[in-house]
Amino acid sequence: MATPRAGRKRPAKPDGEGAAPGLNPGGSDAPGASQPASNGNLHEFSVSELSGAIKRAMEDGFSYVRVRGEIGRVSRPASGHVYLDLKDDKSVLAGVIWRSGVGRLKMAPEQGLEVIASGRITTFPGQSKYQIVIEQMEPAGAGALMALLEARRKAFAEEGLFAEDRKQPLPYLPDVIGVVTSPSGAVIRDILHRLADRFPRHVLVWPALVQGEKAAEQVAAGIQGFNALAAGGPVPRPDVVIVARGGGSLEDLWPFNEEIVVRAVAASAIPLISAVGHETDTTLIDFVSDRRAPTPTAAAEMAVPVRADLTAQAADLARRLEGARRRDMDRRREQVLGLGRGLPRADDLLAMSRQRLDAAANRLMVAMRNDVRSHRARLQLAGRVLEPARLARHRAEEARRFAVTAGRLPRAFIRSAETRRARLDQAENRLAGLRLGHRVVEEHRQAEQLAQRLTGAVGARLRSAHERLVAKTGLLDALSYRRTLERGYALVTDARGEIVRDAATLTRGDAVTLELAKGRRTARIEDDEGVGSAGSRKKSSPKTKPARQGDLF
């Protein structure tokens, strides 16, 4: 119901002042008043004059009014103005909110909301209707706000913005925390103080109004701004965002029920904690956020753990880990000792190897003696067929050197065997002091390796001596007179077996033995002269030929 502003009266104006001739809004001369028709006395108005007079009368009589009603149709054309209807059960009043005044409203007009609109009454001559130019608008009591809040909550819930599967888990220990709140209020100080007590972190504050006409837009811009920061950029991207505000009435907290804020929270890729009002205050941002804190201080507690508790927990885990490690070492030590007790003694492990070593040493000595005898026999056989006079000294020297070498070799091998046996005894003594079974096995393996190396060394010595003997035999064979016989010569010996070096030592009838490269033949000397005399005779016979003597018989 439109009523003039209380306590305001306008003085009556004389005729013709402030109104068109013949028009008196407060008197009996007003149009439509019951009076005798006098066509000759009535002033003729043009349509524009009459519309202007009515407009001035309406604006003067209802310059500022407060109207309570329910918002009906709402229209928002591209010009930015808002057109709506205010109605009750009997009447409808047209209303307009100019574009310049839309941003100053505390709430956005929505159909079905009961409000109290303040403004001035004016007319619109183009359509012959009157309307209210709304300058301020507020809900008509808490009941209307609660009804609007419930309607929005149901709409968002049906859309799925409050679903639990959409909510993100909070990081356990964020490096950077973003806070959207007023930088001058006590809320940011409470948050910073609580973070410093629990676990100091890097905090970024996005300043925003938390109450008033532009609060919803600034809070949504802060949430979107934090999400727009690039990871690794000059300004660090927060790991968690806190939207915080202190307590207040339903009207004070209304920006956090606006759709722009709810959708900004729903679209946030960063986990978000809502800390708006006190524990009993509830806004739509609490339903769409990932976590809801009853107070801003509680939001700081949710964001970070207690560093002292983490230190104590880490120390307790370290103690438990050390205890577990010690118990495991004790258990393993007992297992090793048990396994060691089950292993045989060192004497038992080395007895077989020691016995094999002694048997190998005995066989080695016998084999060495047999080999020496064999080589000596071969050397003697080779020496018998060599030239006795020419090779006697060489053979004696080689026999002496070989005897010396053969005499030294057994002693050297005996000393080597004794040294190996001493080392084996030392290894046995060391092995007896060991407590772990795997070291006993290692010493046993080393003893076997030593025995194998000793056997290999003896074999190598024998092979080396054999090779030297073969080389000497080859040398003797190369120096033997038989090589000369193979070239066509013969060895002549007399009846005593001595080599004949001079033909003059032979006379007629002496038997000689011719030794060829292959076989022997016996011959007898037929002439009395040596090769040297016969040669002289052959050379001198052509010169002095003796006279032929006649036969005496």
Side-chain angles (χ1 to χ4, degrees), residues 70-78 80 82-84 102-103 105-115 137 139-140 142-171 178 180-181 206 208-229 238 240-245 248-277 279-294 299 302:
E70 179 183 347
I71 298 178
R73 176 189 56 85
V74 180
S75 176
R76 293 181 176 86
V82 178
Y83 299 95
L84 52 84
V102 172
L105 295 179
K106 296 182 180 180
M107 56 174 292
E110 296 185 14
Q111 186 175 356
L113 182 64
E114 187 176 2
V115 298
M137 181 182 293
L145 287 179
M146 293 301 295
L148 178 60
L149 179 64
E150 182 64 19
R152 287 183 177 178
R153 189 189 67 78
K154 290 182 179 180
F156 290 143
E158 292 176 356
E159 191 176 345
L161 299 183
F162 301 158
E164 290 295 330
D165 55 357
R166 293 186 62 262
K167 299 183 183 301
Q168 308 177 67
L170 300 181
V180 180
T181 188
W206 192 290
L209 294 176
V210 293
Q211 181 178 345
E213 302 172 0
K214 298 182 179 181
E217 296 179 359
Q218 294 188 12
V219 170
I223 297 172
Q224 296 169 355
F226 277 138
N227 280 269
L229 294 176
V240 65
V241 174
I242 300 176
V243 179
R245 185 203 187 282
S249 63
L250 181 61
E251 291 81 1
D252 295 337
L253 302 179
W254 191 257
F256 298 95
N257 295 320
E258 296 291 350
E259 181 178 3
I260 185 174
V261 176
V262 173
R263 295 198 177 278
V265 174
S268 175
I270 303 174
L272 189 140
I273 302 174
S274 64
V276 178
E279 187 170 359
T280 57
D281 298 327
T282 302
T283 57
L284 294 181
I285 192 177
D286 296 333
F287 297 98
V288 72
S289 61
D290 298 305
R291 289 288 295 276
R292 188 249 179 185
M302 291 180 181

**Closest non-hydrogen atom pair between Pro238 and Phe226, with its separation** = CG-CD2, 3.5 Å
**Prompt:** For Arg153 and Phe162, which heavy atoms make the closest approach, and how far apart are they?
**Reply:** O-CE1, 3.5 Å
**Message:** Treating Arg166 as the side-chain partner and Ala266 as the backbone partner, does any N or O pair qualify as donor plus acceptor under 3.5 Å?
**Reply:** yes
**Request:** Look at atom CZ of Arg292 and say whether more than 12 heavy atoms of other residues, nucleotides or ligands are closer to it than 6.0 Å.
**Result:** yes
**Nearest-0.5 Å distance, CZ of residue Arg263 to CD of residue Gln224** = 12.5 Å
**Fill in**
On a heavy-atom basis, the closest approach of Val102 and Gly80 is CG2-O, 3.8 Å
**Asked** Is the shortest heavy-atom distance from the side chain of Ile71 to the side chain of Met137 under 4.5 Å?
**Response** yes
**Request:** Please report the closest heavy-atom contact between Phe256 and Val210, naming both atoms and the distance.
**Result:** CE1-O, 3.6 Å
**Message:** Within the structure provided, determine whether Thr283 and Ser274 are in side-chain contact (heavy-atom separation under 4.5 Å).
**Reply:** no
**Message:** For the CG atom of Leu170 and the CD1 atom of Ile273, what is their distance to the nearest 0.5 Å?
**Reply:** 4.5 Å
**Item:** Trp206 side chain reached by Val241 side chain, heavy atoms, under 4.5 Å
**Value:** no
**Request:** First locate atom CG of Leu161, then atom CZ of Phe287, and finally report the distance between them rounded to the nearest 0.5 Å.
**Result:** 12.5 Å
**Complete:** Separation between OG1 (Thr181) and CG (Leu209), nearest 0.5 Å, reads 10.5 Å
**Matching residue for Arg152 among Glu259, Glu159, Glu158, Glu258 - test: salt bridge (charged side-chain N to carboxylate O under 4.0 Å, His left out)** = Glu258
**Asked** Can you tell me how far CG of Leu284 sits from CG of Asn257, rounded to the nearest 0.5 angstrom?
**Response** 4.5 Å
**Item:** Over 12 foreign heavy atoms within 6.0 Å of NZ, Lys214
**Value:** no
**Item:** Any Ile242 side-chain heavy atom under 4.5 Å of Met302 side chain
**Value:** no
**Request:** Enter the distance from Gln218:CD to Ile223:CD1 here, rounded to the nearest 0.5 Å.
**Result:** 12.5 Å
**Asked** Which heavy atom in Val265 sits nearest to a heavy atom in Ser289, and how many Å separate them?
**Response** CG1-CA, 3.8 Å
**Request:** Write down the atom of Ile270, the atom of Asn227, and the distance for their closest heavy-atom approach.
**Result:** N-OD1, 3.3 Å
